[in-house]
Every structure is written in structure tokens, then in C-alpha cells.
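Here the structure comes first, spelled out in C-alpha cells, and everything after it is commentary.
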Amino acid sequence: DVQLQASGGGLVQAGGSLRLSCTASRGSIDPYSLGWFRQAPGKDREGLSGISSHDDNTYYADSVKGRFTISRDNAKNTVYLQMNSLKPEDTAVYFCAAALGINNPYQIVQIPAIVDSWGRGTQVTVSS
């Protein structure tokens, strides 16, 4: 399985932006659909966005639609999450995931059981 590590988190004021990266340190992301998730203290894991393996179709949860953008660069073995108009409620640990043999970005976000590899997260804190 591919091994993933997220980076790019930090402290930002409300209304600001961050770009998260998730890079594979082992294996290639080419055949994988990829997704971004987050988990805040005391809350369940939340699926945010997915991108398919073959045609770059994307899916966004309502909570981030219009503010976050997912993209991938297979040459750099990296998936990105551009986060704009950040709110204090976006504060969480963000992490990425990969699913093999899935070409539907909705599925990787809404059916975590199909994920093959979970990456280590990065903390995002949005101050008010």
C-alpha cells in the first residue's frame, strides 16, 4: 500500500487560507482515488473531499463546498487541499487517504471502509 504523510497545517486567522499537501513516501498515487478528511477533538471523523484516480472527478462535502479545492499531481506523488475562507469550525487534524480500484470520489469520502491507506495528519487551527 501507498504510505502517505500530510503537511502544510498551521495557525491562521478566520478568513485566511492554507494549502495542505499529502505526499506518498512509498508507492505511487497513480492508481488511487484520494480523499481528505478531518477530525476535531470530541467529534467524529468527517470526509471532506475526494478526487478520482483516472479522470480527476471531484466531490466535496457541503461543509467545504465552494471554499476548499482538491487537486492531484501524480508526477509529484502528491494530493493537495486548497482551503480558503477558513472558519474557526475548520479547526481539526486533517489527513488524507487512498483507495485502490475506486474511480468515484464520492465513495472514498462517504464510505471510509474502502480506504486502503490512511496518512498521518496535520493540525489546522483557525483563530477568530
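This structure is a prediction, so every number in the text was calculated from the model and none was measured.
Inter-residue side-chain proximity for Ile70 and Tyr60 is flagged as met; some heavy-atom pair is nearer than 4.5 Å. The closest side-chain heavy-atom distance from Ser53 to Asp30 is not below 4.5 Å. Between Val79 and Tyr32, every side-chain heavy-atom pair lies at or beyond the 4.5 Å cut-off. Within the 4.5 Å cutoff, the side chain of Val124 has heavy atoms near those of the Met83 side chain. Ser7 places a side-chain heavy atom less than 4.5 Å from the side chain of Ser21. Side-chain atoms of Val64 and Leu81, non-hydrogen and from C-beta on, never get closer than 4.5 Å to each other. Contact of the Ser63 side chain with the Arg38 side chain is registered, since non-hydrogen atoms from C-beta on lie closer than 4.5 Å. Looking at heavy atoms from C-beta onward, Tyr94 lies out of side-chain contact with Cys22 at the 4.5 angstrom threshold.
With rounding to the nearest 0.5 angstrom, the CG atom of Asn77 is 9.0 Å from the OG atom of Ser25.
Under the 4.5 Å side-chain contact rule for hydrophobic residues, Leu18 and Leu11 do not share a cluster. Tracing side-chain contacts under 4.5 Å through hydrophobic residues (I, L, V, M, F, W, Y), one never reaches Trp36 starting from Val93; they form parts of separate clusters.
Thr78 and Thr23 share a donor-acceptor pair across their side chains, judged by distance under 3.5 Å alone.
Below 30°, between 30° and 60°, or above 60°: for Phe95 and Phe37 the angle between ring planes is below 30°, a parallel geometry.
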request  = Test Glu89 against Val126 for side-chain contact (heavy atoms from CB on, under 4.5 Å), laying out the working first.
outcome  = CA-CA 8 Å; Glu89 52 263 43; Val126 184; over 6 Å; no
